[in-house]
Protein chains: 2
Amino acid sequence: MSRYFIELKYDGTNYHGWQIQNNANSVQAEVNKALTTLFQTEIMVMGAGRTDTGVHAQQLFAHFDIYKAIDTTQLVFKLNTLLPQDISCSSAAEVNAQAHARFSATARTYEYWITPNKNPFLINKAYHYPKNLDIALMNKAAKELQNHIDFSSFSKSNTDTHTNNCRITFAEWKQVDNKIIFTISSDRFLRNMVRAIVGTMLEVGIGKVSEDDLTPIINSKNRSNAGTSAPAHGLYLTQVNYPKEVYNV
Amino acid sequence: MSRYFIELKYDGTNYHGWQIQNNANSVQAEVNKALTTLFQTEIMVMGAGRTDTGVHAQQLFAHFDIYKAIDTTQLVFKLNTLLPQDISCSSAAEVNAQAHARFSATARTYEYWITPNKNPFLINKAYHYPKNLDIALMNKAAKELQNHIDFSSFSKSNTDTHTNNCRITFAEWKQVDNKIIFTISSDRFLRNMVRAIVGTMLEVGIGKVSEDDLTPIINSKNRSNAGTSAPAHGLYLTQVNYPKEVYNV
């Protein structure tokens with residue numbers, strides 16, 4: 001048996017998130033269907049993480065197992081013809097049988113896209129937020145995030161995780177052309193965490209919440225003290241990192 | 001009576017082009033409707049040019065006349081709330097009563113976007129062309145364009161123009177991130193011209209047409225000698241230039 005990683009990209013607008021579920025279309029179901037058609041045997045993929053309804057991915061790895069040798073160039077080509085146009089496969093590689101798309105990942109990076117102006121080319125692809133934002137202040141808040149470990153204040157309650165600790169290694173706001181982009185990297189993310197952080201930072205950016213309030217909000221470990229979640233359609237999973245050992249076959 | 005320019009941007013996917021017509025939706029009709037609602041009097045806009053079905057605009061100016069003073073900041077804001085999400089207004093300004101969105105324009109610039117890889121974020125926004133392209137060769141052809149005046153070979157026949165002469169001042173292919181973008185500026189463009197030029201240059205890029213064939217193709221003044229038109233959804237009107245005198249009110 002061999003295990004393969006596939007690198008996927010998708011526009012999440014028309015999906016109820018990554019994870020397969022009854023009575024709703026999902027990216028995972030589409031990928032399973034395409035691989036099952038391709039190999040004429042039931043294939044199930046395990047993804048690096050679950051994105052919510054409307055959230056996009058520029059890079060999400062998934063693994064699957066199969067009892068035959070695969071030409072990965074052909075796999076990428078054929079998968080792209082079988083997958084719907086809003087899901088694509090960028091690469092594929094055989095990996096170690098112990099490699100796991102979710103548990104082997106050492107870091108993940110998300111971007112959150114904001115468009116200050118109405119933009120016909122960013123419908124469902126960026127959050128239209130017309131208020132004036134103080135990006136320098138938001139970057140102070142972003143720096144402060146890196147001094148903390150427990151992000152319960154930015155997590156959906158009642159999730160089944162053992163700990164709410166995350167090691168945030170990068171967090172920055174940047175003006176890029178006509179967009180304002182927040183980039184955040186961490187070893188792991190809690191459910192809804194990036195959108196709750198972005199929502200809170202937007203309140204910092206418009207002066208509704210002071211940068212000094214951020215530490216007490218985090219320390220309170222209480223979701224209701226943080227800002228409302230920013231909408232899903234501005235969020236992109238952009239990078240998932242693995243140790244190079246996963247490729248030792 | 002005062003004349004105003006409005007600067008528009010639109011995703012052309014859901015429109016049968018710019019120009020108003022019976023039994024088909026158009027960008028012009030949407031803009032007329034929004035302005036008519038806003039001013040409670042019938043307003044008709046004249047655009048800088050006609051884009052075909054599926055063609056996009058990053059910048060298209062249109063003019064309209066009205067018998068009252070307008071706060072242009074308010075106009076932009078209100079127009080954006082009245083226009084559908086795939087059409088936006090970037091700016092507005094009062095112009096000289098002689099200024100004409102179409103006839104006063106001194107230059108126009110188009111971009112044509114190609115994506116070599118399947119890309120879920122560029123559906124209807126770039127032409128997916130997976131063949132290997134020799135961009136250096138395509139740039140030689142782009143340079144050659146600037147040595148010619150009569151572009152009948154790249155024009156839809158039976159159009160009602162008096163001349164097929166165009167002064168191309170810029171034409172270049174460039175790799176930009178994950179896209180290959182062709183940019184072309186001219187004092188005017190013939191119907192279908194950019195898409196016919198792009199289609200022909202793609203044939204140069206894959207070696208089907210030699211760069212030396214381009215001059216005879218142009219000199220033949222025969223559309224059937226050039227390549228097939230590249231699809232509409234990769235094309236963007238990106239800039240329209242006016243002499244500064246149009247703003248002398």
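Chain A forms more heavy-atom pairs under 4.5 Å with one residue of Thr13(B), Leu122(B), Leu83(B), Asn119(B) than with any other, namely Leu83(B).
To the nearest 0.5 Å, the span separating CZ on Phe121(B) from CD on Gln58(A) amounts to 4.5 Å. Between the CD1 atom of Ile123(A) and the CG atom of Asp11(B) there is a distance of 6.0 Å, given to the nearest 0.5 Å.
Listed for the Lys118(B) side chain is no donor-acceptor partner under 3.5 Å among the backbone atoms of Ser88(A).
The number of heavy atoms from other shown groups lying within 6.0 Å of CD (Gln85(B)) does not exceed 12. At most 12 non-hydrogen atoms from other residues, nucleotides or ligands lie less than 6.0 angstrom from CG of Asn132(A). Under a cut-off of 6.0 angstrom, the local environment of CD in Glu172(A) is crowded, with over 12 non-hydrogen atoms contributed by other residues, nucleotides or ligands.
Of the two parts of Asn117(B), neither the backbone nor the side chain holds a non-hydrogen atom closer than 4.5 Å to a non-hydrogen atom of chain A. Phe77(B) does not touch chain A: none of its heavy atoms, backbone or side chain, sits under 4.5 Å away. There is no contact between Pro130(B) and chain A, counting heavy-atom distances below 4.5 Å. Only the side chain of Lys125(B) comes within contact range of chain A, with heavy atoms under 4.5 Å apart.
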